[in-house]
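All values below come from the heavy atoms of this structure, side chains included, with hydrogens, waters and symmetry mates left out. Predicted model, so just to flag it, every value in this text is computed and none were measured.
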Amino acid sequence: MLRSLINRRTFSSSALRLAAKKQHDVVVIGGGPGGYVAAIKAAQLGFDTACVEKRGRLGGTCLNVGCIPSKALLNNSHLYHQMKSDAKNRGIDVKGSVEINVEQFQKAKDTVVKQLTGGIEMLFKKNGVTYYNGNGSFEGEHSIKVTPVEGVEGTVKEESILEAKNIIVATGSEVTPFPGVTIDEERIVSSTGALSLKEIPKRLAIIGGGIIGLEMGSVYSRIGSKVTVVEFLPKIGASMDGEVATSTQKFLKKQGLDFKLNTKVISAERKGEVVQIAVENAKNGKQETIEADVLLVAIGRRPYVQGLNAEKIGLEVDKKGRLVIDENFSSKHSHIKVIGDVTFGPMLAHKAEEEGIAAAEILKTGHGHVNYNNIPSVMYSHPEVAWVGKTEEQLKEAGIKYKVGKFPFIANSRAKTNLDTEGFVKIIIDAETERLLGAHIIGPNAGEMIAEAGLALEYGASAEDVSRTCHAHPTLSEAFKEACLAAFDKPINF
């Protein structure tokens, strides 16, 4: 009788353990742009697919506290600036004052974020992806433990184990901290805090002249902040073409941003409602103190591997903290793929998406591809700045002979009718073959126009191929055609 009871208890306990395990063909850890796209593609290819995300809302940094909310603020701040400063030039009389309602300004951004993150859950349901709202960590080479996350709404109620034939790691990145500077997300903020300020700072200081810092600087400059950008390097824009970076700094300075280049931040400390930033000129050693109401730390991002338990299965990490992979996105275990910000390459949402699709296709067919020479970048200031392919500096370093064609928007009919003529299109082509090597645009709608350059690069088009393609008139894209003409022959309208 006792033995029978023990056997029943043993069987019952074993059954509970088995019930906690769930089988899937593919488990994706991370629900950001790379992760959710990989999960959807894997499901579309016929895999029983699951996605584990601990944030509580899908979409990762991009949708929640990155690309999407920042673009909402950029767009709405531009509309405000146009109404306040440019409406009269366009024959529009605004009766009464134009003011920013900070609460509604933030609410409009939050509404868009909520709609888009919820939309991914709908896409999961549509494509049959199982979603686990919890923290995913390695229990073994084929096992992922999903645990509840304290304080996150809708998180899993209890721990479970997912068994998977294949695993895709897409845990993304996090804000890189500045040594000795404490971020409180009130007066000293990261990009996350900068997206949710409850009042407009009179003085905003930014450490870092990269895309994130410049975009946030644009937002708050338009709505009334005095913005100072502190950058250690001699130029802004990080990977921008040198000429484009110089021109970008000029138009941002004209818009009211102040730049301190070749400047090192020694310390930053909150003193009540003021932040004091001690800086030093890297050339002459001269020191000064900058005071600001808010300091934004925007020196970049770093791979996020905390809580992944990658060391348990021996995943390799390089000096930059990135998970090491081969040309097929495989870690040391061929069935464990790694994509997005947590591994090599530019930390861009669309790069992660392409890798997600390629990784899923490799699992299905053994073949998948991402062209890393054709990953566009965009800064959503106004005018926008966009580029793809090689810069002049890169080509000079590689010893490749090239030719340049440029066309200014001041000579483009659509830009003139829109009273939006700042900037130019710059095309770089191979000196012998005239194939497109790079495209760099400062101007209205540059972020959309750069797609034409990407398509030309992908198919190995020459400048003549593009210029002989009929472009609708009047459109901004005609500036791209004319720049290609200028690269191999002569433009028509300039």
Scan the side chains in residues 394-406 for donor-acceptor partners under 3.5 Å anywhere in the protein, sequence neighbours excluded, and list what turns up.
from, atom 1, to, atom 2, distance (Å)
Gln394, OE1, Thr391, N, 3.0
Tyr402, OH, Glu392, OE1, 2.5
Lys406, NZ, Glu243, OE2, 2.4

Show me the donor-acceptor pairs within less than 3.5 Å that the side chains of residues 52-62 make with the rest of the protein, sequence neighbours left out.
from, atom 1, to, atom 2, distance (Å)
Glu53, OE1, Gly31, N, 2.7
Glu53, OE2, Arg55, N, 2.7
Lys54, NZ, Tyr304, OH, 2.5
Arg55, NH2, Thr61, OG1, 3.4
Arg57, NE, Asn64, OD1, 3.2
Thr61, OG1, Arg301, NH2, 3.2

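Residues passing the side chain to side chain contact (heavy atoms under 4.5 Å, CB included) test with Thr155 are Asn133, Pro148, Val149, Val152, sequence neighbours excluded. In this structure Glu121 satisfies the side chain to side chain donor-acceptor pair (under 3.5 Å) test with no other residue, sequence neighbours excluded. Residues satisfying the side chain to side chain contact (heavy atoms under 4.5 Å, CB included) test with Ala205, not counting sequence neighbours, are Ile277, Ala292, Leu295. Residues meeting the side chain to side chain donor-acceptor pair (under 3.5 Å) test with Asn281, sequence neighbours left out: none. Considering only residues two or more places apart in sequence or on other chains, His382 meets the side chain to side chain donor-acceptor pair (under 3.5 Å) condition with Asp420. Shown here are the salt bridge (charged side-chain N to carboxylate O under 4.0 Å, His left out) partners of Glu199, two or more places apart in sequence or in another chain: Arg187. In this view, Glu422 and Lys254 satisfy the salt bridge (charged side-chain N to carboxylate O under 4.0 Å, His left out) rule, not counting sequence neighbours. Qualifying salt bridge (charged side-chain N to carboxylate O under 4.0 Å, His left out) partners for Arg435, counting only residues two or more places apart in sequence or in other chains: none. In this structure, the side chain to side chain donor-acceptor pair (under 3.5 Å) partners of Asn374, at least two apart in sequence or on a different chain, are Glu458. Shown here are the salt bridge (charged side-chain N to carboxylate O under 4.0 Å, His left out) partners of Asp86, two or more places apart in sequence or in another chain: Arg90.
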request  = With salt bridge (Lys or Arg N to Asp or Glu O under 4.0 Å) as the test, would you mind laying out the steps for Asp258 and Lys253 before giving the verdict?
outcome  = CA-CA 6 Å; Asp258 185 32; Lys253 190 170 183 178; 5.6 Å; no
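Using modelled atom types and a 3.5 Å distance limit, the side chains of Gln104 and Lys107 yield no donor-acceptor pair. His471 and Glu452 are linked by a side-chain donor-acceptor pair at a separation below 3.5 angstrom, with hydrogens and angles left out of the test. Donor-acceptor pairing under 3.5 Å is lacking for the side chains of Ser381 and Glu215.
Looking at Arg414 and Glu478, no side-chain N of the basic residue comes within less than 4.0 Å of a carboxylate O on the acidic one, giving no salt bridge.
Geometric assessment of Lys351 against the ring of Phe344 yields a positive cation-pi assignment under the 6.0 Å and 45° thresholds.
Proximity of a side-chain donor or acceptor of Ser70 to a complementary backbone N or O of Ile68 within less than 3.5 Å is not detected.
Within a 6.0 Å sphere centred on CD of Gln287, other residues, nucleotides and ligands contribute more than 12 heavy atoms. The neighbour count for Lys264 NZ, taken as heavy atoms of other residues, nucleotides or ligands under 6.0 Å away, does not exceed 12.
Centroid-to-centroid, the aromatic rings of Phe409 and Phe494 stay 6.0 Å apart or farther.
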